[in-house]
Amino acid sequence: MKIATWNVNSIRTRQQQVINWLEHNSIDVLCLQETKVIDKNFPQTPFEELGYNLYVSGQKAYNGVAIFTRHPLEDISTGFAPIVGETLAGDFDEQKRVITGVIDTVRIVNLYVPNGSAIDSDKYDYKLGWLAVLREYLQKLLTEQTREICVCGDFNIALEDQDIYEPKGKEKHIMSSPLEREALKQILALGLQDVFRKFTPEGGHFSWWDYRSGGFSRNRGWRIDHHYLTPKLYEQAISCYIDIKPRKQIQPSDHAPVIVEF
DNA sequence: ATGGCATCCAACGGATGA
């Protein structure tokens, strides 16, 4: 079984590329972020014709997440509120960034973590607040359920310096500032492991490259798209890799898909 | 580098991304 995560930066713009990629890769579960479309306008049919079940949670212009699965999902929910309650979720569910469902004995959690804009901005505070609620959300899922969990998506955080092409001076940069790294480490301390590092200990592997200034051709990248697994799933994983081929195409997403295989 | 490039809305410039 292969579970992929891919920030496509608009599913309507990237529709044909995602179709081509699915036709050439045997993906069982595809978690998408930044679909950027309301649910009724999501291009469902072409993906259903490929044999996928679609579960979407979108909004106009921004954010949006979706899960495609070969076998139907169960126990699906979107946003924080169904798991942590309305009080703790507050207004965070106005932005569509969370969708989850169960396949076989594995719960898939697909996340689009807020970008944060700049470390002295309101959006950065929003990112930290969102991560605090995410911790409660995952703690609930981990303690109330006995099944294994795969938490994947665009985290907009590079946890270690080796996840950045040039880490020097990045402590004041979003995606690598100490507060957001600490917030993510506290989430992983609940009992989740970065499966990419099971197979690839060295740095220099990235999942996002800036469109500007030739980021990709100069390999000025960041590894910010992740699969975090509970221990038994982590043990069962047989590979985890970043597929940079779609990033080389004309009019690509700025992110590459990341795949874990069991 | 308040830079670079891409996407969306419904403008033809502004917001957002990371």
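Below, chains carry the letters A, B, ... as their sequence lines are ordered, and counting in each starts from 1. Just so we're clear, the structure is a prediction, and the values are computed from it rather than from any experiment.
- Relative ring orientation between A:Y52 and A:F68 is described as tilted, the plane-to-plane angle lying within the 30° to 60° band.
- Nucleotides B:dC8 and B:dT2 are separated by 27 Å at their P atoms, to the nearest Å.
- Here the C1' atom of nucleotide B:dG17 and the OH atom of A:Y124 are 17 Å apart, to the nearest Å.
- The side chain of A:R12 sits closest to B:dC9 out of B:dG17, B:dA6, B:dC9.
- Sorted by residue number, the members of residues 159-188 of chain A with any non-hydrogen atom under 4.0 Å from DNA chain B read A:I174, A:M175.
- For the OP1/OP2 pair of B:dC8 and a distance below 4.0 Å, the side-chain nitrogens and oxygens of A:S10 include at least one atom meeting the criterion.
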Yes or no on salt bridge (charged side-chain N to carboxylate O under 4.0 Å, His left out) for A:D161 and A:K170, after CA distance, side-chain angles and deciding distance? CA-CA 9 Å; A:D161 281 353; A:K170 292 295 195 297; over 6 Å; no
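- With P as the reference atom, B:dG3 and B:dG14 are 13 Å apart, rounded to whole Å.
- Atom CG of A:N7 is separated from atom C1' of B:dT7 by 12 Å (rounded to the nearest Å).
- Using the six-membered ring where Trp is involved, A:H255 and A:W208 have ring planes that are tilted, between 30° and 60° apart.
- Taking the six-membered ring for Trp and thresholds of 30 and 60 degrees, A:F80 and A:W130 have ring planes inclined between 30 and 60 degrees apart.
- Straight-line distance between the C1' atoms of B:dC12 and B:dA1: roughly 26 Å, to the nearest whole Å.
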Atom pairs under 3.5 Å, N or O on each side, protein against nucleotides 11-16 of chain B: can you list them with distances?
residue : atom : partner : partner atom : Å
B:dT16  : OP2  : A:K123  : NZ           : 3.3

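- The distance from atom NZ of A:K127 to atom P of B:dG17 is 10 Å, rounded to the nearest whole Å.
- Within the 4.0 Å cut-off from OP1 or OP2 of B:dC8, not a single side-chain nitrogen or oxygen of A:Q59 is found.
- The pair A:E148-A:R107 does not count as a salt bridge, with every side-chain nitrogen at least 4.0 angstrom from each carboxylate oxygen.
- Using a 4.0 Å heavy-atom distance criterion, A:D225 is classed as making no nucleic acid contact.
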Verdict with reasoning, A:R220 to A:E166, per salt bridge (charged side-chain N to carboxylate O under 4.0 Å, His left out): CA-CA 8 Å; A:R220 296 159 68 97; A:E166 173 53 88; over 6 Å; no
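- Annotation: B:dA15 and B:dA11 have their P atoms spaced 14 Å apart (nearest Å).
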Please evaluate residues A:E34 and A:N9 with respect to the criterion side chain to side chain donor-acceptor pair (under 3.5 Å), reporting the C-alpha separation (whole Å), side-chain torsions for both, the decisive distance (0.1 Å), and the verdict. CA-CA 5 Å; A:E34 281 207 274; A:N9 186 16; 5.7 Å; no
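- Salt bridge absent: A:D210 and A:R218 never bring a charged side-chain N and a carboxylate O closer than 4.0 Å.
- Taking atom CZ of A:R220 as the reference point, atom P of B:dA1 lies 12 Å away to the nearest angstrom.
- Residue A:S213 places its side chain closer to B:dG3 than to any other of B:dC8, B:dA6, B:dG3.
- Residues A:V37 and A:D154 both approach DNA chain B. Their nearest nucleotides, taken by heavy-atom distance, put A:V37 toward the 5′ side.
- Note: NZ (A:K60) to C1' (B:dG17) measures 18 Å, nearest angstrom.
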Should A:K96 and A:D39 be marked as a salt bridge (charged side-chain N to carboxylate O under 4.0 Å, His left out) after you check the CA-CA gap, both sets of side-chain angles, and the distance that decides it? CA-CA 11 Å; A:K96 305 307 180 190; A:D39 294 350; over 6 Å; no
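- Among the nucleotides B:dG4, B:dT7, B:dC9, the one closest to any side-chain atom of A:R212 is B:dG4.
- No contact: A:W222 has no heavy atom under 4.0 Å from any strand.
- Residue-to-nucleotide proximity on DNA chain B shows that, of A:I224 and A:P252, the 5′-proximal contact is made by A:P252.
- Residue A:F155 is classed as having no contact, given no heavy-atom separation below 4.0 Å to the nucleic acid.
- Here B:dG4 presents its C1' atom at 18 Å from CH2 of A:W209, a figure rounded to the nearest Å.
- The same atom, P, is picked in B:dC9 and in B:dG4; the two are 23 Å apart, to the nearest Å.
- Look at CD on A:E34: it is 14 Å from C1' on B:dC5, rounded to the nearest Å.
- Under the 3.5 Å distance criterion, with hydrogens and angles disregarded, no donor-acceptor pair is assigned to the side chains of A:S253 and A:R247.
- Note on A:D243 versus A:K248: no salt bridge recorded, every NZ/NE/NH1/NH2 to OD/OE distance being 4.0 Å or above.
- Atom pair A:N156:CG and B:dG17:P shows a separation of 9 Å (rounding to whole Å applied).
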